[in-house]
Amino acid sequence: MSNIIETKGLTFSYPQEEGEAVTLALNGVELSIERGSFVVILGHNGSGKSTLAKHFNAVLLPTGGQVLVEGLDTADEALLLEIRRRVGMVFQNPDNQIVANVVEEDVAFGPENLGVPTEEIRARVDAALRSVGMEPFTLHAPHMLSGGQKQRIAIAGVLAMEPGCIVLDEATAMLDPSGRREVLEAVERMNREKGITILLITHHMDEAVNASRVIVMDHGQVALDGPPKAVLPQVDRLRELGLTAPATVELLSRLRRDGWQVPLDALSVEDCAAAILAGLAK
Amino acid sequence: MLKDITLGQFFPGNTVIHRLDPRTKLLAVVFYIAALFTAKWFVSYGLVLAFLLLCIHLSQVPFKSLVKGLRPVLFILAFTAILNLFYTPGRTLWHWWIFTVTIEGIFTAFFMLLRITMLIMGTFLLTYTTSPIALTDGLESLLGPLKKLHAPVHELSMMMSIALRFIPTLIEETDKIMSAQKARGADFESGSLIQKAKALIPILVPLFISAFRRADELATAMECRCYHGGDGRTKLHVLRYQGRDYGASAALAALLAAVIVLRQFGL
Amino acid sequence: MEPIIKVEHLTHTYGEGTPFCRSAVKDVDLTIYKGEFLGIIGHTGSGKSTLIQHLNGLLRPTAGTVRLAGEDIWADPKAIRKVRFRVGLVFQYPEYQLFEETVYKDIAFGPRNMALSEEEIDRRVRQAAAFAGVREELLEKSPFELSGGQKRRVAIAGVIAMEPEVLILDEPSAGLDPAGRESLLRNIRQYHRASGNTVVLVSHSMDEIAENVDRIIVLADAGVAMEGTPHEVFSRAEKLEAAGLSVPQVTKVAMALRRLGVDIDPAVYTVGDLELALQPLRRRDAPC
């Protein structure tokens, strides 16, 4: 099976008070997430992207349709632990997901809950901390660390459960640029080296540049879906969806309006500069 | 700043006392307190004191910080001493108005003072040399047999360790909210008691809301990491008694026995 | 230009006399001018939050002085509250400070602490709400029913309502989506233009600073590392990167073009500027 997560006609509405009209937070989402891919899910606040993310490991259950994790139906309560082990989740606020007083104890929390034998927990914790580059902090108190470091601890905590997929639910939103870079580098490495599927929910457009696939959510539906080079150059469409194109694309699109012959999909700084140079000669 | 407050502060170290199993230390404190309350006269007090000083020496905790720990209870110390000094019946040494000092009073006051001081120093030594995590682990393990009676031992210790984990976070948050309200001209210092209490509302409301939000998010995060109560849970650190733990337990038992014997002789 | 805040030899040391003693701000001199839109930028730990808490007297300097309109703000420590009304400080994630039953009452908290008359409070609340983009019909709602972005605006209005001569905003757009970010910054620019008051924008986003301010102060390692117009600061991009900061994306493109041999000012920092700078180059090469 090459898809790690599949949603079929997924709809969801938050419980409403009496007399209130039903608003669908998700409205018929059909998605197949390929194993080993790096998927960035974009969307403005309230577009449904976070609601969608919370369905991937059964934090929320569909009100209509189905979510399958490696073929396991998230609505089946007997499979709950297995689904959560396979799809790990990192949340927005680093302070509110760290359970223990010591870094290694926190990373051990997941495997402890799964009943992994003590010696193996030790090995998993050390390996997880090594792969996020937080080994020197094994015995530190989490509250003394920076935001980026705390999120890397949270990633290590998920990693120690040996998941096939990690969902980052706006995990970079509260970080400064260097913290964001730390977290992105950690998950990119995990994706590259361990083949772990990454689902990154964000509204920072530049985080989408290196993804293998970009999905843009709007009104609880998939509005755009494709590789970054196909999605990010759609300057006007993105603006309609409450997002802004990366500065490189914005620049290229303006130059095109001025009559330049430049491509729109030169997303990185280097590609963009090269495209402009080529455009100068034309 | 609020951040400077430390609750049950821990002095990291690697001495014999630090390395003792937390369960041993918890039991030792119980034995020690029993000995302290059994002690009657100079000899037995001296024995317990010598034992305490030895432990302090072994732990390398600066004596000064232990003395500092007495500061908050200074008032209680003075109060009990004075009460005992003036109101113990016996042979009168000195009398003025309603105050009577007796020989027995002097001794009782002195022993009372010694007892409370040593009690506090001993328990502080425990928290200074044992990390809060180790303490909760130790408690959970010691109370383990109660699980058979369906007492929520695991849940309690989980609650305790999460509370400990969030103390610094919430203190920092209080600091932040206070600063933000001060920036809007809130005044926490002046005014009557009622005004001062009212001035706390702008701090308490956001603090509670944020604490509930944190609790909610933490619960979700814990569930996402497969937390489902204490059943079938394993541990990264398993507590195991070592030779030194048996040694320490034996020493404590001997101390208590000696004090009990001395008491029979009125010493 | 007339200075409004002057910081002289400011040093702030946390935990003095303990082994954890650390100077968050060290011998800093800086001037903020009346009516300007100033950007303060620095990475986490550069001392920016410690610095701004000195400007309204929340922190007291270990050494040095802070002058507001020429006067040492700590000349009379009892009057420090008055300084806080004149220098308004909006903290990071200010929505977490809301506490009143209604949006109106929350915005009125500052003005009420100033002991103003009811009519004056009412005027200020409504005006501040308008500046911050809080719609009239939200005023009677509970702040806890609002969305994150709206809460943020209410909290900002609560500081604007004190009508401070200097408004300092610490990362006002943190966590907002691109549209929310743009619209909030538009409101702040409008406030600056309409009120004529000084605005200080503290941020670690270069793009945000580049697009909004007249002058930039760069903090690094507990001190001022650079100071000047955006053009002056971004022309020293290498130095910025050495201070652990990144330059705006557009500047990076310009720098890359220079490396490729294109003769272009590397200090451009908005998309529009780079577009303009590129036009003449092309016309010379290929007239069409």
Side-chain angles (χ1 to χ4, degrees), chain B residues 1-6 9-13 60-62 64-65 68-69 128 166 168-192 194-218, chain C residues 14-18 20 49-50 52-53 55-59 77-78 80-101 105-116 128 142-144 148 151 155-162 164 167-170:
Chain B
M1 258 213 293
L2 278 169
K3 252 186 244 173
D4 298 336
I5 300 175
T6 32
Q9 49 184 312
F10 169 53
F11 283 70
Q60 292 173 7
V61 170
K64 239 199 246 160
S65 358
K68 237 192 245 164
Y128 280 5
F166 274 90
T169 308
L170 288 176
I171 287 176
E172 202 175 309
E173 176 125 43
T174 313
D175 236 9
K176 241 187 253 167
I177 295 172
M178 266 177 94
S179 298
Q181 307 300 26
K182 272 195 206 159
R184 294 205 280 167
D187 183 3
F188 304 118
E189 276 105 47
S190 53
S192 68
I194 295 175
Q195 277 169 323
K196 271 188 192 162
K198 264 178 109 176
L200 288 179
I201 294 174
I203 298 175
L204 293 179
V205 172
L207 192 63
F208 272 96
I209 289 173
S210 133
F212 282 121
R213 196 191 62 245
R214 283 182 194 282
D216 195 42
E217 288 182 13
L218 184 72
Chain C
Y14 286 110
E16 222 171 351
T18 70
F20 309 107
S49 45
T50 305
I52 55 175
Q53 290 188 58
L55 303 183
N56 74 339
L58 276 174
L59 290 177
K78 285 201 191 80
I80 199 68
R81 265 179 80 211
K82 295 214 177 72
V83 174
R84 295 181 190 149
F85 299 133
R86 295 174 63 191
V87 181
L89 174 55
V90 181
F91 278 88
Q92 226 178 91
Y93 298 104
E95 54 273 30
Y96 295 145
Q97 74 191 32
L98 302 177
F99 69 99
E100 276 285 12
E101 294 152 59
K105 281 189 189 168
D106 212 294
I107 300 177
F109 180 67
R112 190 145 281 144
N113 285 330
M114 298 168 82
L116 299 168
S142 157
F144 305 110
K151 278 188 204 164
I156 294 173
V159 175
I160 291 180
M162 302 192 299
L167 176 68
I168 307 172
L169 302 122
D170 189 1

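Evaluation of the side-chain hydrogen bond (donor to acceptor under 3.5 Å, both in side chains) rule for C:Glu95 yields C:Arg152 as partners, not counting sequence neighbours. With sequence neighbours excluded, no residue forms a ring pair (Phe, Tyr, Trp, His ring centres under 6.0 Å) with C:Phe91.
Ranked by heavy-atom pairs shorter than 4.5 Å toward chain C, the options B:Ala186, B:Ala180, B:Pro202 are led by B:Pro202.
Taking OH of C:Tyr96 as the reference point, atom NZ of B:Lys176 lies at 9.5 Å (rounded to 0.5 Å). Note that CE of C:Met162 and CZ of B:Arg184 are 8.0 Å apart. Values are rounded to the nearest 0.5 Å.
Residue B:Leu207 does not touch chain C at all, counting heavy-atom pairs closer than 4.5 Å. Only the side chain of C:Phe144 comes within contact range of chain B, judged by heavy atoms closer than 4.5 Å. Residue contact with chain B, scored on non-hydrogen atoms closer than 4.5 Å, is absent for C:Gln92. Heavy-atom distances place both the backbone and the side chain of B:Ser179 under 4.5 Å from chain C.
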Q. Going through the distances and angles, do B:Lys182 and C:Ile80 end up as a side chain to side chain contact (heavy atoms under 4.5 Å, CB included)?
A. CA-CA 10 Å; B:Lys182 272 195 206 159; C:Ile80 199 68; over 6 Å; no
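When atom types are taken as modelled, the side chain of C:Gln97 and the backbone of B:Pro206 share no donor-acceptor pair closer than 3.5 angstrom. When atom types are taken as modelled, the side chain of C:Arg84 and the backbone of B:Gly185 share no donor-acceptor pair closer than 3.5 angstrom.
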